[in-house]
Structures are given as structure tokens and as C-alpha cells.
Amino acid sequence: QVQLVESGGGLVQAGGSLRLSCAASERTVNSYHMGWFRQAPGKEREFVAAVMWSGGSPYYADSVKGRFTISRDNAKNTVYLQMNSLKPEDTAVYYCAAVRWGSLRPLFDDWGQGTQVTVSS
């Protein structure tokens, strides 16, 4: 299983932007479709965005469509999530994971440590 390390979170005011990164420990990640998920306090983890192994066909949850952009740089074994026009309801711990295209469910059971995003009103 590929090890993934999320970074780039922080505290930002509503309307601000952040760019999250998900760095993989090995190049095999480049053969996986990848996704971002988030978990707010007291809530279940939810899907945010996904991108195919090639970088094509980005797909978003309705709640972030038009504000977030997922991308990947396979030369750097890294997946990104550009988050613009942030809202307080975007506050959560964000995780990346390899996903099954179609169901968009994680391929593996283990999660990284995530990165905290806090949006103040």
C-alpha cells in the first residue's frame, strides 16, 4: 500500500484560498485514480473530489463544484486540491486516498494523518 502524506492546511478567512498537497511514497501511485475526502467534527468522512490516474475527468461533490480544483503531477507523485472561495462549512480534516473509479470509494482501509483546514467567518 502506498503511503500518502497530506499537507497545506491552515487557518483562513471565509473567501480565502488554500492549496492542499498529497505526496506519495512511491511512483506506483501514478497508476491509481486519486481522491480527496474530508471529515468535519461530529460528521462522517465525505467525498470531495477525484481525478483519474491520467489527470483527466476530474469529479467533484456538489458542495465544492466551481470552487475546488483537483489536479495531479505524476512526475512528482503528488495530487493537489486548490480550494478557493472557502466557506466556514469547508472546515474539516482533509485526506487523500486512492479510489475506485465509478464508486469513488477508497481502495484501501488505511488513512494518512490528514491536514486540518479551518475557515473562519
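Computed from heavy atoms alone, side chains included, the values below leave out hydrogens, waters and symmetry copies.
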Which pairs would a plain distance check flag for residues 29-36, meaning a side-chain donor or acceptor within less than 3.5 Å of a matching protein atom at least two apart in sequence or in another chain?
from : atom 1 : to  : atom 2 : distance (Å)
N30  : ND2    : R27 : O      : 3.4
N30  : ND2    : N74 : O      : 3.0
N30  : ND2    : N77 : OD1    : 3.2
S31  : OG     : T28 : O      : 2.7
H33  : ND1    : W53 : N      : 3.0
W36  : NE1    : Y80 : O      : 3.4

Legend entry - Shortest non-hydrogen separation from Y60 to A49 and the atoms involved: CD2-CB, 3.6 Å
Inset, instruction - Would you indicate whether the side-chain heavy atoms of Q39 and Y94 approach each other to under 4.5 Å? - result: no
Legend entry - Value rounded to 0.5 Å, distance of OG in S120 from CG in L86: 10.0 Å
Inset, instruction - State, with a plain yes or no, whether a side-chain heavy atom of S17 is found less than 4.5 Å away from one of M83. - result: no
Legend entry - Check against side chain to side chain donor-acceptor pair (under 3.5 Å), T78 and D73: CA-CA 5 Å; T78 302; D73 185 341; over 6 Å; no
Legend entry - Non-hydrogen side-chain atoms of F37 and P106 separated by less than 4.5 Å: yes
Inset, instruction - Look up atom OG1 in T118 and atom CG in D90, then write down how far apart they are to the nearest 0.5 Å. - result: 11.0 Å
Inset, instruction - Would you please indicate yes or no on a ring centroid separation below 6.0 angstrom for Y59 and W101? - result: no
Legend entry - Gap between atom CZ of F47 and atom CG of D62 - 0.5 Å precision: 10.0 Å
Legend entry - Selection residues 32-85 - residue pairs positive for disulfide (SG to SG under 2.5 Å), sequence neighbours left out: none
Legend entry - Neighbour count above 12 (heavy atom, 6.0 Å) for K43 NZ: no
Legend entry - Member of T115, T91, V64 meeting the side-chain contact (heavy atoms from CB on, under 4.5 Å) criterion with R38: V64
Inset, instruction - Of all the heavy-atom pairs spanning S121 and A14, show the shortest one and how long it is. - result: CA-CB, 4.4 Å
Legend entry - Residue pair G112 / Y95: nearest heavy atoms and the distance that separates them: O-CE2, 3.5 Å
Legend entry - Residue pair V93 / G114: nearest heavy atoms and the distance that separates them: CG1-CA, 3.9 Å
Legend entry - Contact check, side chains of F68 and N84, non-hydrogen atoms, under 4.5 Å: no
Inset, instruction - Flag yes if more than 12 heavy atoms outside E26 fall under 6.0 Å of its CD atom; otherwise flag no. - result: yes
Legend entry - Within-4.5 Å side-chain heavy-atom neighbours: L18 and L81: no
Inset, instruction - Could you pull out the closest heavy-atom pair between A24 and V2, with the gap in Å? - result: CB-CG1, 3.8 Å
Legend entry - Reported CD-to-CZ distance for the pair Q82 and R67, which is rounded to 0.5 angstrom: 12.0 Å
Inset, instruction - Report yes if the side chains of R72 and M52 come closer than 4.5 Å at any heavy-atom pair, otherwise no. - result: no
